[in-house]
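Computed from a prediction, not measured in an experiment: that's the story for all the values here.
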Amino acid sequence: MDTNCPCACVADVEESSNHRAASREKNSAPIAALPPTLPEQAQASTSTSARPPFKRADSVDSPSVATSNPADAGFEVSSAWSVAGIGTCIQLRHRAFGLHIAMDIGTSAGETLGAGHIFVSHGHIDHIGALLNHARARTLSNKPAKYYVPVPATEPLLRAKAAYEALDGCAFNAEIVGVEPGDICRIHPNVRVEVFPTKHRVPSQGYAIIREKSKGLKAGCRNLSSHELARRRKQGESVVEIEDIVEVAYTGDTILKAVLDQPLVRQARLLILECTYLEGEIVWAHSWQHVHMQEIVKHAAAFASNERVVCCHVSRKYKRWDNVLRCFQSGMAPVPALAAKIGVTLAGFGRAEPVTWLVDYQKEQAAAAMAAAAAAAGEGGSGSPVGHAEGPHRGPSGGNVRPRREKGGADLEDIGVQSVDATPAEETRWMGSNGGLKDELPEVKTKEEANRMLRVLSEDLGLQPRAESLLNCSEEGHEEEQGQGEKQQQELKGEKRESVGKGWEVTSEEREEESSLFF
């Protein structure tokens, strides 16, 4: 029994016709049930360690949701790592019920080991590859878990399990249960998981977590005595009216058409949907049987009932989280209502949080833009050049003039930087708020502006101009000025290129590269 689940979990797998109807039990003869190798009393323990409060990952604006019933808070995405072809594991928790569930187990580390119920969507290694590692760790921790996998994947998985046990020298105390679309897996007296069909290159399926909420006695039972109610319950009759709430639906890898008309997907409060491709031709996504973001935008109306939609399994070709978010921002622009509830799993791309919501990212961008504007306004309005500690120096023309500084034993004018001073506005364009060079420099169109930029860089950043051709170049006579500049530089104090770095020879390729950078 999972120690993270304080309530007694009923491990039966039922057919879905009616959740109150009679069901067949698969767990009475599990596919893989090894004799327990650890003390029984430890397995029977139901105590739970104190846990810190969790932030609702399916809530955008507030860390928690005010509710009179803790069960109504729903499931939270406590951890999510998903990169197409590398690994996917989405972890869900329900604090009131003490449940810790994992959707797919393509990667296993840290918090993943706490999951006692693992639902595998299909047999691809990036979705099932860490199952046996997880099973071994749970065995060593005396917390065997239960793994629900597609029926066609059970036999290959059992063979792999036997091979791993032979390699490891001990048996893994894991229960592997084959399930198929239409089955129901009860993991808590008030929570069941239903299996629904999907379509991928190998046999696949999705899972919906359904909470059964009591709405009180049925109309025909409200005037009955407690003894009569007890008698009917004993006979197996339901006397309570139950409301089904689809808390989470997880599609795994699939084509969108296979799940668009699935009621469990449409009704889910939190939909976790694969979205491998963000740009390019949709036909490419179809050829690999994955979802393309353009399809989600096209069928935005199908997600109207979902409170939150988390996109996972993004292709690794996008490399960085900011690239992914930019694609989502531009792609979701035509459907702002859907964009307002879209989140992306970006832990595999470098983000810290399990789910990054587009609305939160837009707030981050707005705050950063305001901070940059305020910093630029403050620096420009003070009359002091950016990164200039000693304050403004007023020249004859009224502009800001910098004091001459020596770099490597030579004044800036001696190595070809003309005496053209930058204005505060120009410095703001070139320098960041922290006094460093901006990540992206604006385009420089004239020789004078290039001279001013290089002066700013040389004085504030300690950079040395590497080729006087950069400072004196023009469309006419470029080669002649370049040769004169090199000769003048070599003769400076009898030290070849001493003022621009000892032994630093500048090749023609480097000159062309730098010329393209500044001009």
Mutual orientation of the aromatic rings belonging to Phe119 and Tyr148 [parallel < 30°, tilted 30-60°, perpendicular > 60°]: parallel
Glu243 side chain vs Ile245 backbone, donor-acceptor pair below 3.5 Å: no
NZ (Lys319) with more than 12 external heavy atoms under 6.0 Å: no
Identified side chain to side chain contact (heavy atoms under 4.5 Å, CB included) counterpart of Val335 within the set Ile296, Ile342, Val297: Val297
Non-hydrogen side-chain atoms of His313 and His127 separated by less than 4.5 Å: yes
N/O donor-acceptor pair under 3.5 Å between His292 side chain and His286 backbone: no
Pair Arg269 + Glu307: basic N to acidic O under 4.0 Å: yes
His188 and His117: CA distance, side-chain angles, deciding distance, ring-ring contact (aromatic ring centres under 6.0 Å, His included) verdict: CA-CA 11 Å; His188 184 274; His117 298 274; 9.8 Å; no
Under 3.5 Å side-chain donor-acceptor pair for His134 and Ser108: no
Side chain to side chain, Val265 and Leu273, heavy atoms closer than 4.5 Å: no
Validation row: Glu295, Ile255 side chains within 4.5 angstrom (heavy atoms): no
Side-chain touch Leu346/Leu325, heavy atoms, less than 4.5 angstrom: yes
Greater than 12 external heavy atoms within 6.0 Å of Gln362's CD: yes
Audit row: Thr251, Thr198, side chain to side chain donor-acceptor pair (under 3.5 Å) steps and yes/no: CA-CA 7 Å; Thr251 65; Thr198 62; over 6 Å; no
4.5 Å side-chain heavy-atom contact, Thr107 and Thr112: no
Derivation of the side chain to side chain contact (heavy atoms under 4.5 Å, CB included) call for His124 and Arg201: CA-CA 9 Å; His124 279 164; Arg201 302 193 306 275; 3.3 Å; yes
Whether over 12 other heavy atoms sit under 6.0 Å from Arg316 CZ: no
Side chain Asn306, main chain Ala268, donor-acceptor under 3.5 Å: yes
Beyond-backbone contact of Val248 with Ile101, side-chain heavy atoms, under 4.5 angstrom: no
N/O donor-acceptor pair under 3.5 Å between Arg266 side chain and Leu260 backbone: yes
Heavy-atom pair with the smallest gap, counting every atom of Ala84 and Asp126: C-OD2, 4.3 Å
Tyr207 ring center near Tyr250 ring center (under 6.0 Å): no
pair Lys341-Leu271: side-chain heavy atoms closer than 4.5 Å: no
Residues Ile272, Leu92; criterion side chain to side chain contact (heavy atoms under 4.5 Å, CB included); working and verdict: CA-CA 11 Å; Ile272 305 175; Leu92 302 162; 4.1 Å; yes
Heavy-atom closest contact (Ala145 atom, Ile118 atom, distance): CB-CD1, 4.0 Å
Greater than 12 external heavy atoms within 6.0 Å of Arg326's CZ: yes
Ala285 versus Tyr277, closest heavy-atom pair with distance: CB-CD1, 3.4 Å
For the student: nearest non-hydrogen atoms of Val77 and Pro354, plus distance: O-CG, 3.7 Å
Minimum-distance pair of heavy atoms, taken over all atoms of Gly123 and Ile128: O-CG2, 3.5 Å
Parallel, tilted or perpendicular: rings of His94 and Phe75 (30°, 60°): perpendicular
Spacing of Asp360 atom CG and Gln365 atom CD [to the nearest 0.5 Å]: 11.5 Å
Least distance between heavy atoms, Ser82 atom then Phe349 atom: O-CE1, 4.1 Å
Geometric class of the Trp321/Tyr361 ring pair [parallel <30°, tilted 30-60°, perpendicular >60°]: perpendicular
Residue pair Gln267, Ser305: steps toward the side chain to side chain contact (heavy atoms under 4.5 Å, CB included) verdict: CA-CA 6 Å; Gln267 298 169 10; Ser305 298; over 6 Å; no
Heavy-atom side-chain contact between Phe196 and Val259 under 4.5 Å: yes
Rounded distance [0.5 Å steps], NE2 in His200 versus OG in Ser121: 8.0 Å
Worked check of side chain to side chain contact (heavy atoms under 4.5 Å, CB included) between Glu279 and Met293: CA-CA 7 Å; Glu279 54 190 1; Met293 183 173 62; over 6 Å; no
